[in-house]
Amino acid sequence: QVHLVESGGGLVQAGGSLRLSCAASGGTFSSYAMGWFRQAPGKERAFVAAIRSSGRGTAYADSVKGRFTIARDNAKNTVYLQMNSLKPEDTAVYYCAADVNPVMVPTRRNAYDYWGQGTQVTVSS
């Protein structure tokens with residue numbers, strides 16, 4: 001019932017920046033916690049960042065702290081991931097996800113109920 005569409009991925013050189021967007025429809029976006037995950041070749045899907053429904057409260061993976069920022073615009077039903085100082089190891093398919101019954105800022109895959117199709121981010125050396 002919730003549809004998520006990611007956009008903004010692409011090819012960027014190391015040290016560059018990208019902003020990913022995830023547009024949600026089909027539910028009450030302002031009540032969801034939202035998260036970003038990524039999956040690199042040969043690896044499991046890993047937590048990147050999450051944000052509470054109100055926007056108050058965020059969580060980040062240690063590997064992206066200080067470089068990535070998650071934000072949301074509830075009026076636009078959209079969550080963003082600003083990625084700065086990108087590294088080749090950030091290369092992955094990035095997915096957004098919605099937790100429709102949040103209790104806390106969710107960092108586990110199984111906390112999320114709906115997933116987008118993903119957008120490819122490739123960071124070259």
Side-chain angles (χ1 to χ4, degrees):
Q1 66 178 45
V2 177
H3 184 57
L4 305 173
V5 180
E6 302 97 336
S7 62
L11 175 64
V12 64
Q13 292 186 3
S17 298
L18 285 173
R19 189 184 72 162
L20 305 183
S21 299
C22 175
S25 61
T28 305
F29 178 80
S30 61
S31 71
Y32 308 158
M34 298 295 297
W36 288 95
F37 289 73
R38 64 187 182 186
Q39 188 164 22
K43 295 186 177 181
E44 295 185 351
R45 193 168 299 187
F47 171 75
V48 176
I51 188 166
R52 292 175 63 90
S53 58
S54 65
R56 301 191 304 272
T58 57
Y60 296 92
D62 288 344
S63 59
V64 307
K65 285 181 180 177
R67 299 189 297 120
F68 290 11
T69 303
I70 188 171
R72 67 192 298 155
D73 186 340
N74 284 347
K76 295 182 177 180
N77 288 355
T78 301
V79 64
Y80 305 94
L81 185 68
Q82 179 66 46
M83 304 185 294
N84 298 326
S85 302
L86 283 161
K87 304 174 180 180
E89 53 262 45
D90 295 318
T91 295
V93 177
Y94 283 71
Y95 300 88
C96 68
D99 176 2
V100 303
N101 299 117
V103 175
M104 61 185 74
V105 183
T107 63
R108 297 165 61 92
R109 293 191 302 271
N110 61 12
Y112 290 90
D113 304 290
Y114 297 96
W115 295 81
Q117 293 298 306
T119 187
Q120 176 71 48
V121 172
T122 302
V123 184
S124 66
S125 300

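All residue numbers refer to positions in the sequence shown, counting from 1. Quick caveat: nothing in here was measured; it's all calculated off a predicted structure.
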Can you confirm whether Glu6 sits close enough to Trp36 that some side-chain heavy atom of one is under 4.5 Å from a side-chain heavy atom of the other? yes

Residue pairs meeting ring-ring contact (aromatic ring centres under 6.0 Å, His included), one or both in residues 45-88, sequence neighbours left out, come to Phe37-Phe47

So among Val64, Thr91, Leu81, which one has a side chain to side chain contact (heavy atoms under 4.5 Å, CB included) with Arg38? Val64

Do Tyr114 side-chain atoms and Cys96 backbone N/O form a donor-acceptor pair below 3.5 Å? no

Is there a side-chain contact between Val5 and Cys22 (heavy atoms, below 4.5 Å)? no

Please tell me if the side chains of Tyr32 and Val2 come closer than 4.5 Å, counting only heavy atoms from C-beta onward. yes

Ser17 and Asn84: side-chain donor and acceptor closer than 3.5 Å? yes

Do the non-hydrogen side-chain atoms of Arg67 and Asp90 ever get within less than 4.5 Å of each other? yes

Check whether any side-chain heavy atom of Arg19 sits under 4.5 Å from a side-chain heavy atom of Ser21, and report yes or no. yes

Non-hydrogen side-chain atoms of Thr119 and Val93 separated by less than 4.5 Å: no

Do Val105 and Thr58 come within less than 4.5 Å of each other through their side chains, counting heavy atoms only? no

Nearest-0.5 Å distance that lies between atom OH in Tyr95 and atom CD in Gln39: 5.0 Å

Taking the six-membered ring of Trp115 as reference, does the cationic atom of Arg109 (NZ for Lys, CZ for Arg) lie under 6.0 Å from its centre and within 45° of its axis? no

With sequence neighbours excluded, residues passing side-chain hydrogen bond (donor to acceptor under 3.5 Å, both in side chains) with Asn74: Arg72

Is it true that, when you exclude Gln117 itself, more than 12 heavy atoms of the residues, nucleotides or ligands shown sit nearer than 6.0 Å to its CD? no

Student check: side-chain heavy atoms of Asp113 and Asp99 closer than 4.5 Å: yes

Quick check against the 3.5 Å criterion: does Ser30 have a side-chain atom that pairs as donor or acceptor with the backbone of Thr28? no

For residues Tyr112 and Leu4: do they belong to one hydrophobic cluster (side chain heavy atoms under 4.5 Å, members Ile, Leu, Val, Met, Phe, Trp, Tyr)? no

Which pair of heavy atoms, one from Pro88 and one from Ala14, lies closest together, and at what distance? CD-CB, 4.1 Å

What closest approach, in Å, do Ala59 and Thr107 show between heavy atoms, and which atom pair accounts for it? CB-CG2, 4.1 Å

How about Gln13: does its CD atom have over 12 heavy atoms from other parts shown lying under 6.0 Å from it? no

Nearest 0.5 Å, what's the CE-OG1 distance between Met83 and Thr69? 11.0 Å

Heavy-atom nearest pair, Leu11 first then Ser124, reads CD1-CB, 4.3 Å

What pair of heavy atoms forms the shortest contact from Pro106 to Ala33, and how long is it? CD-CB, 3.5 Å

When rounded to the nearest 0.5 Å, the distance separating CZ of Phe29 from CE of Met34 is 5.0 Å

